[in-house]
Structure formats: C-alpha cells, structure tokens
Amino acid sequence: MDPFTTAAVLSAVNTATSGALSGAASEVGRRTTERLAALARRVRGRGTDDARPPTVPTDAAARRDLAERLFEQARREPAFARDLLAWLRETDLLRDTTGPACPAAARPRMLPPGTAAFTDREPVRQAIAALLDDPGADAAGAPRIVVLTGPGGVGKTATAVHFARAFADRFPDGQLHADLRGASPATAVTPSATLVRFLHRLGVPADRVPATEQEQTDLYRDRTADRRLVVLLDNAHSAAQVAPLLTAAPGSLTLVTSRHGLPELVRDHGARVLRLGPLAGDDAVLLLTRIAGLEPAGAQRAHAEAVAARCGGMPLALCETGALAAGREEVDWERLEREFASLGPGPAAPAPADPTRLATDVAYRALAPAAARLYRLLGLCPWPTIPVGAAAAAADITPAEARALLAELAGARLLEPAGDERYRFHDVVRRHAELRAHEEDGRAAAGDAVERVITWYLDMAVAADYRVIPGRWHLGPAYDRLPRPAASSAAARAALAELTRERENLAEAVRAAEEYGFDALTWQLCEAMWALHLRLGFHEQWVATPGPRGGCAPSSPSPTWASTASPTPNAN
C-alpha cells in the first residue's frame, strides 16, 4: 500500500462521488462510480456479483468511512490492494489534488489594469501600509482583510486596483481578482462560481474541482495556505458572499469593495473598514482636468471648479465629464457649466442629490443618435461584459457599426473596456441607460432587443457545445440548423474556451429569458451550456439554472440523436 495513503483514497472517493452527485458525470465518470461501488460492495461483504445498482456515499462522513474501509481492506488483502490501486491509476485519481499548483499557474495575474488618472486616496495607502507592517498581525497569524466601502461611483474599484498593484511586490505568489457583481442580489455571483475560477488559476485541473461549495472552499484554502497573495473581491453584496473566498494565509492581503459595511467580516475575521467619500475640491478639479487633458487657466479655472462642484466630487461623474470635455474640439468649461445648470439645481445648490446621475445625463445628451440608442438597449440587462457581436444583435446592426458605436461610448466613459473588443457598464450608468430605454424606446422595442441578444448567445453556445460533444443527443431546434461537426480535439478545446469566455453572459441570458418570458430560449440555453458545466466543473451554477431538468422543458420534446458514437474526449 506504499503507493497511496488514506488521504489519497479519500481524495479519490470525494472526487468520484462529487461528480456523480452533481449530475454532471460523463461516461468516464459513470464507469468510475460503478467501479467504486463494486469495491464498496466487496468491503461490505456482498461480493462483486451483486445485481443492485451501484450506490455512492451521500455525505462527507460516509465518504470518509468508505475511504477508511477501502484502505484497511487493502492492507489486509493484497488482491484487493491491487484492484484498488488499479482503480486509482485507471481513473487518474491517485494524482495528488492538494499539492503545489503546476508552474504555469503558480502565480496568477488576474488584476485588471489601473488608470493613469488616479488621484488622491493617500489615507487608504497609509492604512493598508500600516496593516501590512503591523507586527501584531504577524504574531496573530491572521490574514489581512481591508473593506473599502462607499456609495456607487465614489471610486472604490479604482482605489482597490491601484493599491493592489502598488503593494504587489509584497505578494510574490500572485494576484486573484473577481467582480462579485453585488449591486443587487439578482446579479451577485455565487461563491462557488468564483471559487471554481480561482481554483483553475491556482492550477487545479477542471476535472479535479469538487462539486460542492464547501469542498471547493477547503481545497482553495489548502492551495493558498502557504502563499503570499493579494486577493481583490470587488463589488461584494454581503459577507456571506465573501467569507468562502477568504484565504487562511497570514501572509496574504484581501481587499474587498462594497456599498455595505459588511460588519460580519469585522466581527468574524477582524477586517479593517475604510470608508471612501467624494474627492475634496482641489483633487476633484485635478481628476477632472487630467481626464480632459487640459489644465484650465484664468476665468476658465473658476468654471472648471464649478463643474467639479456639480459633479459632487464623485470620481465616476468627474471621469464622464472630463471625457466629454476631451472629446470636443476645444475644452470650454463655461459651456459645460451651462449644460449642467440646464439639467441640475440652481446656483444656490450647485451639488445635486445624485451628481453621478446628472453627469451621466449630460454625457448621454451629447451622444449621436445611433450611439445613444445602442447605449439604451445595452443597458436593458446587467450583462457582465458586452462583446461586439452581442452589441450588434441588440441594435440589429452590423458588427462593424457596433464596433464604432462601442468605441464612441467608451470614449465618453459611458462604457468601460473589459478586454479585447469587450466592454462593461458601471452599474450606476447601466441603470441610467435602462431607464432611458424604457422611456424612449418602449416595452416592445426593449423586449425585441433583449430577445435578439439572447438568441445571439444561444446560437453561439449551441455551435460551441456541438463542437465540444458532437456525439450527444439534443432537444433544441437550434442544433438542427447546423451541420454535425467532425470530432476534433482542437476544435473542442477552442469551443470550450469560447463557452468559458461567455459563461457569465450565458448565465445572465438565462435569467433575462426567464424575466422576459422567453421560455423556449430559456431551456435551449440551459441545454447548450451542458458541455461548459460538464467539462469545467461549474456544477452549482448548472444546478441553479432552470431548463430541461426543471419546469422549463419544451412542451413537445423531440430528441434528435446526433450520433450513436461515443462523445468526444475531454477537451481540457
């Protein structure tokens, strides 16, 4: 039994049974579970000719008990030891799932880019530096946790990214980052979805990611226990969303941003809360003019100060307004002040109750009609990111037209770049766009735009899913519009990468289809996401979605058997 230990057997049992219990087991997984059940029957004295269906443990205690029984039986019986070792090796479950990550993933670099226009927030830098240098924290052996809190648009994300990068040299083992999308409970990302992403980047193969959130948390903390990492958890909705993502490593720093104080993190984990407010007058003018690219002089200085005051010192409003000034042939601060005055309160109350909404309205009114329409239609759903194809579908225009309009919106700071030809909304700006869409486009046009985007995602997901597993049967009629692809490992890997890139958008498409009552699109999307969840281990997201497994199945299912051939090998 020298080749393996009780811990190795337990790890194998956990992995095999988690896949079965999640409902995401492949043909290989089914055989693995059946072999395990046969071994379990032998240690319980029932023999290998038992005709009853194979069963697997359903909880952690039962799995541990089975692992101990298997190990002890192997110690007593050489033949059983050979069979157990063969099962482990055949299924590749003997490999250590808690050891060091593979070198390529040993130092994740997930932080988003910073901004050259970052201004002030010196008290935050001092507080983080003091926490990192505190010898008492070292003695306690507790990880450092900082919560940056404040209203939407106050610059929490920019501040967290700036200082995560500024202190990155203290954390040689890398940086993890996740946008938890906690502006509302409906959009908040589950801890499990983030854990799966983090485990992938920490070197855990997709087929070794446990199915349950608790097991994922255990493995995540094991993988990070001896690392010096900076972990940025942006836009958290609640402490419950954050707690499973905290490392236990005393040498790590976790930065959390939220509109809520998250007192549970203070109570249970000793987090330090730093509250961000609007920029002071001089710093507000400095950020505004940095974005505009021109320092005002003479009388223009007073007008620039008035504009900054109208923005209420809120960085998001200042950035939008500075971009508007920069996009004009000449920066005219007096004209901008008049534009704000035409929409906001009078000079006796220069700072409105919602300065970001005011600044966004000023920027919106300066858009060309086509860009304004695209802005409105893209704001109808909280898409995590917006690729060019989805934008083109929303407005029913060509990708080339969408590309140009997206660039215009990004130039106005109404959209943020989010990678190669991808954009995202700040949620405050998105709500403005959604309101404008309902007011100017109406319910029918809004529904048509959302349906076009959902259909675009469905077609993309079906084509990719078909390439990953061309041999499985399907229900959705969208598959019938495509020729059956030839089995190809390279094509399967590329398709799986495409599904991974759009995973969060696909989940949002399911929610949008439910919300708008597009039942046929809902279940077809769920079916098209099967390969994604099967291959990459996002089991809890799959279980949470509606579709053919639940109450949104098609009224007249007509399964089409794509092939009787075996599914394509795992594309990972």
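Keep in mind that what you see is a predicted model, and the values were worked out from it rather than measured.
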Side chain to side chain contact (heavy atoms under 4.5 Å, CB included) between L233 and T257, intermediate numbers included:
CA-CA 7 Å; L233 304 174; T257 74; over 6 Å; no
Derivation and outcome, side-chain hydrogen bond (donor to acceptor under 3.5 Å, both in side chains), residues S258 and N235:
CA-CA 5 Å; S258 179; N235 200 13; over 6 Å; no
Could you go step by step and tell me if D120 and R125 meet the salt bridge (charged side-chain N to carboxylate O under 4.0 Å, His left out) rule?
CA-CA 10 Å; D120 193 34; R125 187 198 68 77; over 6 Å; no
Side chain to side chain contact (heavy atoms under 4.5 Å, CB included), that's the test. Do R501 and R503 meet it? Break it down for me.
CA-CA 6 Å; R501 187 166 54 251; R503 180 185 64 83; over 6 Å; no
Pair W530-V468, side chain to side chain contact (heavy atoms under 4.5 Å, CB included): steps then yes or no:
CA-CA 10 Å; W530 169 247; V468 176; over 6 Å; no
In sequence, state the C-alpha distance, the side-chain angles, and the governing distance for V510 and C526, and then conclude on side chain to side chain contact (heavy atoms under 4.5 Å, CB included).
CA-CA 7 Å; V510 173; C526 293; 4.2 Å; yes
W383 and Y457: ring-ring contact (aromatic ring centres under 6.0 Å, His included), yes or no, with the steps?
CA-CA 12 Å; W383 304 111; Y457 276 115; 5.5 Å; yes
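Within the 3.5 Å criterion, the main-chain N or O of F80 finds no donor-acceptor partner in the side chain of Q73. With T385 contributing its side chain and R424 its backbone, the two residues share no donor-acceptor pair below 3.5 Å. With hydrogens and angles disregarded, no donor-acceptor distance shorter than 3.5 Å links the side chain of K156 to the backbone of L276. The backbone N or O of A117 lies less than 3.5 Å from a partner atom in the side chain of T119, making a donor-acceptor pair. Put simply, the side chain of S238 gets close to the backbone of Q241: a donor and an acceptor are under 3.5 Å apart. The backbone N or O of P250 sits less than 3.5 Å from a side-chain atom of R144, completing a donor-acceptor pair. Side-chain N or O atoms of R223 include one that pairs as donor or acceptor with a backbone N or O of L202 at under 3.5 Å. Side-chain atoms of D465 come within 3.5 Å of backbone N or O of A531 as a donor-acceptor pair. Side-chain atoms of Q216 come within 3.5 Å of backbone N or O of P210 as a donor-acceptor pair. Without hydrogens or angle criteria, Y220 side chain to L245 main chain gives a donor-acceptor distance under 3.5 Å.
Between E498 and R467, at least one side-chain N (NZ, or NE/NH1/NH2) sits under 4.0 Å from a carboxylate O, which counts as a salt bridge. Using a 4.0 Å cut-off between a side-chain N of Lys or Arg and a carboxylate O of Asp or Glu, R422 and E502 qualify as a salt bridge. Using a 4.0 Å cut-off between a side-chain N of Lys or Arg and a carboxylate O of Asp or Glu, E72 and R69 do not qualify as a salt bridge. Salt bridge status for E434 with R430: present, with a side-chain N to carboxylate O gap under 4.0 Å. Salt-bridge formation is not detected for the pair D169/R228: no Lys NZ or Arg NE/NH1/NH2 atom is positioned less than 4.0 Å from an Asp or Glu carboxylate oxygen. By the 4.0 Å N-to-carboxylate-O rule, R35 lies too far from D83 to be salt-bridged with it. Between R290 and D283 there is no salt bridge, since no side-chain N of the basic residue sits under 4.0 Å from a carboxylate O of the acidic one.
Here the closest heavy-atom approach between residue R165 and residue G114 is recorded as NE-N, 3.8 Å. Residues G379 and A433 share a closest heavy-atom pair of CA-CB, 3.9 Å. What you find for A40 and L70 is that their closest heavy atoms are N-CD2, 4.4 Å. The heavy-atom pair separating L378 from A391 by the smallest distance is CD2-CA, 3.8 Å. A pairwise comparison of heavy atoms in Q175 and A168 identifies NE2-CB, 3.9 Å as the closest pair. Nearest heavy-atom pair, L229 versus F171, reported as atom, atom and distance to 0.1 Å: O-CD2, 3.4 Å.
Between L39 and R42, the closest side-chain pair of non-hydrogen atoms falls below 4.5 Å. Using a 4.5 Å heavy-atom cutoff, the side chains of R121 and L279 are in contact. Side-chain contact between E504 and E508 is absent, with no heavy atoms from C-beta onward closer than 4.5 Å. Between L287 and P315, the closest side-chain pair of non-hydrogen atoms falls below 4.5 Å. Side-chain contact between I291 and R413: present, with at least one pair of heavy atoms (C-beta onward) separated by less than 4.5 Å. Side-chain contact between D427 and R259: present, with at least one pair of heavy atoms (C-beta onward) separated by less than 4.5 Å. In this structure, V189 and D179 have side chains that are not in contact, with every pair of non-hydrogen atoms separated by 4.5 Å or more. No side-chain heavy atom of E421 sits under 4.5 Å from any side-chain heavy atom of P387.
Just one residue in the list I145, L274, I128, T159 forms a side chain to side chain contact (heavy atoms under 4.5 Å, CB included) with L255, and that residue is I128. Each of L132, V256, L131 was compared with V146 under the side chain to side chain contact (heavy atoms under 4.5 Å, CB included) criterion, and only L131 meets it.
Here the straight-line distance linking atom OG1 of T522 with atom CD1 of I454 works out to 7.0 Å at 0.5 Å rounding. Going from atom CE of M110 over to atom CG of L232 covers 10.0 Å, rounded to the nearest 0.5 Å. In this structure, L458 CG and M460 CE are separated by 9.0 Å, a value rounded to the nearest 0.5 Å. With rounding to the nearest 0.5 angstrom, the CZ atom of R201 is 12.0 Å from the NE2 atom of H177. The CZ atom of R431 lies 8.5 Å from the OG atom of S184; values are rounded to the nearest 0.5 Å. Here OG of S489 is found 12.0 Å from CG of L496. Values are rounded to the nearest 0.5 Å.
Relative orientation of the H260 and H237 rings is perpendicular, given thresholds of 30° and 60° on the angle between their planes.
Separation of the F118 and F163 ring centroids falls under the 6.0 Å cut-off.
Environment of CZ in R275: sparse, with no more than 12 heavy atoms of neighbouring residues, nucleotides or ligands closer than 6.0 Å.
D234 and T157 form a side-chain donor-acceptor contact under 3.5 Å, judged by distance and modelled atom types alone. For the 3.5 Å distance criterion, the side chains of T212 and E215 qualify, holding a donor opposite an acceptor.
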